[in-house]
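Everything numeric in this text was worked out from a predicted model, so none of it was measured.
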Amino acid sequence: MRPAHLLLAVLVAAVWGVNFTVIEIGLGHFPPLLFSALRFLVAALPAVFLVGRPKVAWKWIVAVGLVLGVAKFGLLFVGMDAGMPAGLSSLVLQIQAVFTAAVAGVVLGERPTRARLLGMAVALAGIAVAALDEGAAGPLGAFALVLAAAACWGVSNVLTRRAAPPDALNFMVWVSTVPVLPLLGLSLLLEGPGRDADALRALDWQGAGTVVYVAWVTTVFGFGAWGWLLRRHPASTVAPFSLLVPVFGMSSAALFLGEGISPLRWCAAALLVGGVAVTSLAPARRTAGAPGIPVDGGARVDETRPGRPAGAGQQRAISGKGGGRWASS
């Protein structure tokens with residue numbers, strides 16, 4: 001990987017990691033479900049008019065939009081609003097790699113290797129340590145909501161793999177059109193029209209800036225740049241950079257929000273990131289005659305010729321970031 005491409009990969013990981021701190025700031029301006037709805041609304045418009053027509057069937061766009069956009073991000077924002085720290089959220093969400101592997105085993109019939117099982121066990125141990133740390137310092141209910149968000153992320157990863165979109169940015173922009181109305185409806189129902197109206201009337205530059213960051217910087221730039229890198233390099237080369245997300249997430253939360261990082265949390269981070277690395281990067285066991293399913297949801301790639309689709313007889317699954325994750329925050 002060229003130095004400029006390497007720096008771009010690190011920049012995307014930093015953007016996604018800092019996003020958790022920005023979400024925390026934004027939750028001081030908006031109710032969580034309204035904030036999530038605004039994120040997708042601004043990410044979709046005007047980008048949806050610039051990326052071209054959808055390149056996968058609408059059933060996959062709607063399914064991923066509901067599971068990833070409504071369920072995953074709704075639970076994440078509500079959990080953080082309920083007291084889950086931004087830095088810890090960026091760490092706990094990485095357990096999605098384990099959920100992805102588990103769901104893929106049930107739905108796609110993928111049998112995990114011993115290395116992946118070991119990685120899953122280590123990552124789950126990290127979650128247990130993180131829960132112990134959070135139980136001593138914060139609400140476990142909020143921790144459970146973010147953990148549920150990670151589970152929804154795992155389901156959406158498998159749906160994305162089945163959809164196999166050839167263009168990450170095009171797919172994410174169209175997916176962003178789906179959650180807007182459901183999240184707005186849930187916000188009006190659960191958070192109340194009065195609270196939503198008060199938040200919009202009190203909108204200032206900082207609040208608007210958080211929406212722009214989570215929508216355009218995180219989604220449009222982040223996924224556009226990540227997809228650009230995946231078209232030029234093997235997924236197994238690009239994927240490890242996503243493990244930097246919780247590093248930037250925890251450090252930015254400590255720097256800008258004053259969140260402390262206890263020794264127990266450092267231990268949880270080491271276990272979780274190490275376990276996710278093994279789970280994500282260990283090769284999957286392929287069943288005889290099984291069709292290749294691209295882990296990152298994009299076109300099948302010949303890793304000997306990065307950026308080019310595999311030819312007949314070469315189509316195969318490739319190891320990707322987190323077992324196919326598309327979004328980090």
(message) Taking L132 as the starting point, is it possible to reach L271 by hopping between hydrophobic residues whose side chains are less than 4.5 Å apart?
(response) yes
(request) Kindly compute the distance separating OG (S89) from CZ (F77), expressed to the nearest 0.5 Å. (result) 10.5 Å
(request) Working to the nearest 0.5 Å, report the span between CZ of R265 and CD of E259. (result) 7.0 Å
(message) Grouping I, L, V, M, F, W and Y whenever their side-chain heavy atoms are under 4.5 Å apart, do F49 and V42 come out in a common cluster?
(response) yes
(request) Hey, could you give me the OG/CD1 distance between S36 and I23, rounded to the nearest 0.5 Å? (result) 8.5 Å
(request) First locate atom CG of D81, then atom CZ of F30, and finally report the distance between them rounded to the nearest 0.5 Å. (result) 12.5 Å
(message) Quick check: is F256 connected to L244 through a chain of hydrophobic side chains (ILVMFWY, heavy atoms under 4.5 Å apart)?
(response) no
(request) Considering non-hydrogen atoms only, spot the tightest contact between V12 and G222 and give its length. (result) CG1-O, 3.8 Å
(message) Hydrophobic cluster membership, with links at side-chain heavy-atom distances under 4.5 Å among I/L/V/M/F/W/Y: are V48 and L183 in one?
(response) yes
(message) Less than 4.5 Å apart, side chain to side chain, heavy atoms only: is that true for L7 and L11?
(response) no
(message) Is any side-chain heavy atom of S156 closer than 4.5 Å to one of L66?
(response) no
(request) On the 0 to 90° scale, with breaks at 30° and 60°, tag the W58-W174 ring pair as parallel, tilted or perpendicular. (result) perpendicular
(request) Answer with yes or no whether the hydrophobic clustering places L229 together with V10; edges join I, L, V, M, F, W, Y residues whose side-chain heavy atoms lie under 4.5 Å apart. (result) yes
(message) In terms of relative ring orientation, are W16 and W226 parallel, tilted or perpendicular, with 30° and 60° separating the classes?
(response) tilted
(request) Before giving the answer on side-chain contact (heavy atoms from CB on, under 4.5 Å), spell out for V158 and F99 the whole-Å C-alpha distance, their side-chain angles and the decisive distance to 0.1 Å. (result) CA-CA 10 Å; V158 175; F99 286 116; over 6 Å; no
(request) Check whether any side-chain N or O of S251 sits under 3.5 Å from a backbone N or O of F248 as a donor-acceptor pair, and report yes or no. (result) yes
(message) So if I apply the side-chain contact (heavy atoms from CB on, under 4.5 Å) rule between L91 and each of L272, V276, V146, which one comes out positive?
(response) L272
(message) Evaluate V273 against Q94 for side-chain contact (heavy atoms from CB on, under 4.5 Å), listing each step before the verdict.
(response) CA-CA 8 Å; V273 172; Q94 304 311 309; 5.7 Å; no
(request) Locate the shortest heavy-atom distance separating Y213 from V15; write the atom from each residue and the value. (result) OH-O, 2.9 Å
(message) If you compare all heavy atoms of A208 against all heavy atoms of L203, which two are closest, and at what distance to 0.1 Å?
(response) N-CD1, 3.6 Å
(request) Inspect the contact between D198 and R195 and indicate whether a charged nitrogen and a carboxylate oxygen are less than 4.0 angstrom apart. (result) no
(message) Could you tell me if the side chain of V278 sits less than 4.5 Å from the side chain of V122, heavy atoms only?
(response) no
(request) Looking only at non-hydrogen atoms, find the nearest pair between V92 and I127 and report the distance. (result) CG1-CD1, 3.9 Å
(request) Working to the nearest 0.5 Å, report the span between OG1 of T100 and CE of M120. (result) 9.5 Å
(request) State, with a plain yes or no, whether a side-chain heavy atom of T218 is found less than 4.5 Å away from one of R39. (result) yes
(message) Go through it in stages, so that I can follow the logic: the residues are F40 and V70, the test is side-chain contact (heavy atoms from CB on, under 4.5 Å), and I'd like the CA-CA distance, side-chain angles, deciding distance and then a yes or no.
(response) CA-CA 10 Å; F40 287 107; V70 179; over 6 Å; no
(message) What I'd like to find out is whether the side chain of M84 reaches to under 4.5 Å of the side chain of L145, using heavy atoms alone.
(response) no
(message) Any non-hydrogen side-chain atom of L27 less than 4.5 Å from a side-chain atom of T210?
(response) no
(request) Measure across A199 and L34 and return the closest heavy-atom pair with its distance rounded to 0.1 Å. (result) CB-CD2, 4.3 Å
(message) Rounded to the nearest 0.5 Å, what separates atom CG in N170 from atom NZ in K55?
(response) 5.0 Å
(message) Do N19 and V217 have side chains that approach each other closer than 4.5 Å (heavy atoms only, starting at C-beta)?
(response) no
(request) Verify side-chain contact (heavy atoms from CB on, under 4.5 Å) between L8 and W228, making sure each step is shown before the conclusion. (result) CA-CA 10 Å; L8 180 60; W228 185 87; 3.8 Å; yes
(request) May I ask you to test the R162-L108 pair for a side-chain heavy-atom distance under 4.5 Å? (result) yes
(request) For residues A142 and G79, report the shortest heavy-atom separation together with the two atoms involved. (result) CB-O, 3.4 Å
